[in-house]
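Everything below concerns the one structure shown next.
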There are 2 protein chains.
Amino acid sequence: MRESDHSKSAGGRLLSPAGRANDRRVADEDYASRLREAITGGQFLPNERLIENDLAELLGTNRANVRTALARLEQEGLVVRERNRGAHVRLISHEEAIEIVEARAVLEGLTARYAALNATDEEIAELRGIMQELKGYYEAGGLLQYANVNVRLHQTIVRMSRHAMAAKLIGMLKSQSVSFQYRSILAPGRAECSLKEHTDILEAIAARDPERAEQTMRAHLDHAVEALCRVIESGHGTWHHRRTG
Amino acid sequence: MRESDHSKSAGGRLLSPAGRANDRRVADEDYASRLREAITGGQFLPNERLIENDLAELLGTNRANVRTALARLEQEGLVVRERNRGAHVRLISHEEAIEIVEARAVLEGLTARYAALNATDEEIAELRGIMQELKGYYEAGGLLQYANVNVRLHQTIVRMSRHAMAAKLIGMLKSQSVSFQYRSILAPGRAECSLKEHTDILEAIAARDPERAEQTMRAHLDHAVEALCRVIESGHGTWHHRRTG
DNA sequence: GTTGGCTAAATTGTTAACATAATAGCCAAC
DNA sequence: GTTGGCTATTATGTTAACAATTTAGCCAAC
């Protein structure tokens, strides 16, 4: 018998059933995406078993496609599979969470550099707009919205860099989203610090100064690493090592 | 009819048929590895079509496993798949090659930093040994062996860092091996410069100076980027845009 | 009460067959 | 000689069935 039934509790259908009809991409890429979002979005709990039949029904497809999707997600490190024992959601350890943010630090430093080199005036204006939003939520004390806009800001800079490889690698890290398990932005004083750092980054990019853009971005994420470490030490990591199947 | 028959010309069986019997990992990971090595090793030409049936026979398995293996490799960016049109080996563009080395630069900078922090005395001795080898091949003019030892040196530093995430990301980049398509080490003067830079890196790590280790590693790979750019501009990229299926 | 093995259920692994789409070859018309 | 459409072939997409393995439940023996 199954150890838990959360996949059922996730309910009904998962995201859009198909949408795109005649896309050139293969279908299982789409299935993988939907599964990825379901997992990172918290539809499945860490360590929860992923039964191929259930997933096939949930995604509205067959086991073969689920299988290839799971292979992709295992490649990404989002799920683990063992021979004859199936797949389960991977639990991100504390050490790994730190490493993820560290890797983000250097990669996003690279994108900040290229954003400073490649950004158009319109894009910089867009960035300023997002920055204003961020400031607004900070002053209003809406930390959860702050976190969301924060993500969008970083994504925008990555897009502005036009560095496909860095974008891809960062995307893989994002999928193993740490911010879902650890809410380090909630740490006292972190938001204020974060806001100032973002201002510095924006200024460097607007000034088309690649060197400073990279440095400020790295500094920002290095501080994020430190904040994460404090959260971990204080033991506030969300459901970590609590439910170990 | 098939457009080319190189998969047959690759001949017989591909690497070890199985080897490990009761491994905990799922089998298709192994198939993916063997395919990966075959592609990066040059068994298949860039842009060559990969027919599922042929691969299944070649790997000694069924189409389902080949399919999941291909999904993995597509995830890695080593092959491309289009709906109803199958998979083919991905050709690495000039821009992408540069981006790969740039990403390596920042990620290996990170590993150099942690290598300086975490390396044992034995490992530093090992590094010195590799360095001696490198010097030997340089003085003897064996540039191909130099390139091989060069790879080993970098791998060793990555291992010494104990940074699993950086290692994983770098591994993905390595699989899209640029050095196979472009032999930038053959560029005039590059080897000499490379040798000195490696010495700097080693000294920084041996001195347990993380800051300098990162800087020297980045400088080294930034120079590698420049060398690659020169090779590309001079049009010496190996079989690039020559045979486009 | 715990340990041991045995049986049944559940889940994954593998294979084959069929359906569908793309490609190549061919023939006729201009 | 070239273009256009038709047909046969090839390769992929999908599904189902069966085999092998693990897991859970159960009963008896100590």
How long is the line joining [atom1] of [X] and [atom2] of [N], in whole Å?
X: E57(B); N: dA11(D); atom1: CD; atom2: C1'; value: 15 Å
X: D54(A); N: dA10(C); atom1: CG; atom2: P; value: 12 Å
X: R81(B); N: dA11(D); atom1: CZ; atom2: P; value: 17 Å
X: R83(B); N: dT12(D); atom1: CZ; atom2: P; value: 14 Å
X: E82(A); N: dA20(D); atom1: CD; atom2: P; value: 22 Å
X: N53(B); N: dT9(D); atom1: CG; atom2: C1'; value: 14 Å
X: I51(A); N: dA24(D); atom1: CD1; atom2: P; value: 11 Å
X: L59(B); N: dT14(C); atom1: CG; atom2: C1'; value: 15 Å

- L50(B) or R63(A), whichever maps to the more 5' nucleotide of DNA chain D: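 Upstream on the strand: L50(B).
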- Item | E48(B) versus H88(B), side-chain donor and acceptor atoms under 3.5 Å |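 The criterion, which ignores hydrogens and geometry beyond distance, is not satisfied for E48(B) and H88(B).
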- Message: Over all strands shown, is L70(A) touching base, sugar-phosphate only, or nothing at heavy-atom distances under 4.0 angstrom?
- Response: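 No contact.
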- Message: Classify N62(B) by what it touches in the nucleic acid, base, sugar-phosphate, or nothing, heavy-atom distance under 4.0 Å.
- Response: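 Counting heavy atoms under 4.0 Å across all strands, the contact made by N62(B) includes a base.
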- If dA19(C) has a Watson-Crick or G-U wobble mate with both distances under 3.5 Å, name it; if not, just say none.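 Its partner is dT12(D).
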- Would you mind pulling out the nucleotide paired to dC30(C), Watson-Crick or G-U wobble, both distances under 3.5 Å?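 Looking at the geometry, dC30(C) pairs with dG1(D).
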- Which pair of heavy atoms, one from L221(B) and one from V101(B), lies closest together, and at what distance?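 For L221(B) and V101(B), the tightest heavy-atom pair comes out as O-CG1, 4.0 Å.
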- Message: Any carboxylate oxygen within less than 4.0 angstrom of a Lys/Arg side-chain nitrogen, looking at E95(B) and R162(A)?
- Response: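 No, E95(B) and R162(A) are not salt-bridged.
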- Task: Output yes when E133(A) and R152(A) qualify as a salt bridge under the 4.0 Å nitrogen-oxygen rule, no when they do not.
- Result: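 A salt bridge links E133(A) with R152(A).
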- Give the ring-plane orientation class for H163(B) versus Y114(B), where under 30° counts as parallel, over 60° as perpendicular and anything between as tilted.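 Geometry flag for Y114(B) against H163(B): perpendicular rings.
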- For the side chain of R67(B), starting at C-beta, report the closest nucleotide among dT15(C), dT12(D), dT12(C).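 Looking only at side-chain atoms, R67(B) lies closest to dT12(D).
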- Message: Can you tell me which nucleotide in dA21(C), dA17(C), dT21(D) comes closest to the side chain of N84(A)?
- Response: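 Looking only at side-chain atoms, N84(A) lies closest to dT21(D).
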- Hey, is the side chain of R85(A) poking within less than 4.0 Å of OP1 or OP2 on dT23(D), counting only N and O atoms?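 Checking R85(A) against dT23(D): at least one side-chain N or O falls below 4.0 Å of OP1 or OP2.
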- Side-chain N or O of N65(A) closer than 4.0 Å to phosphate OP1/OP2 of dT14(D):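 Result: yes.
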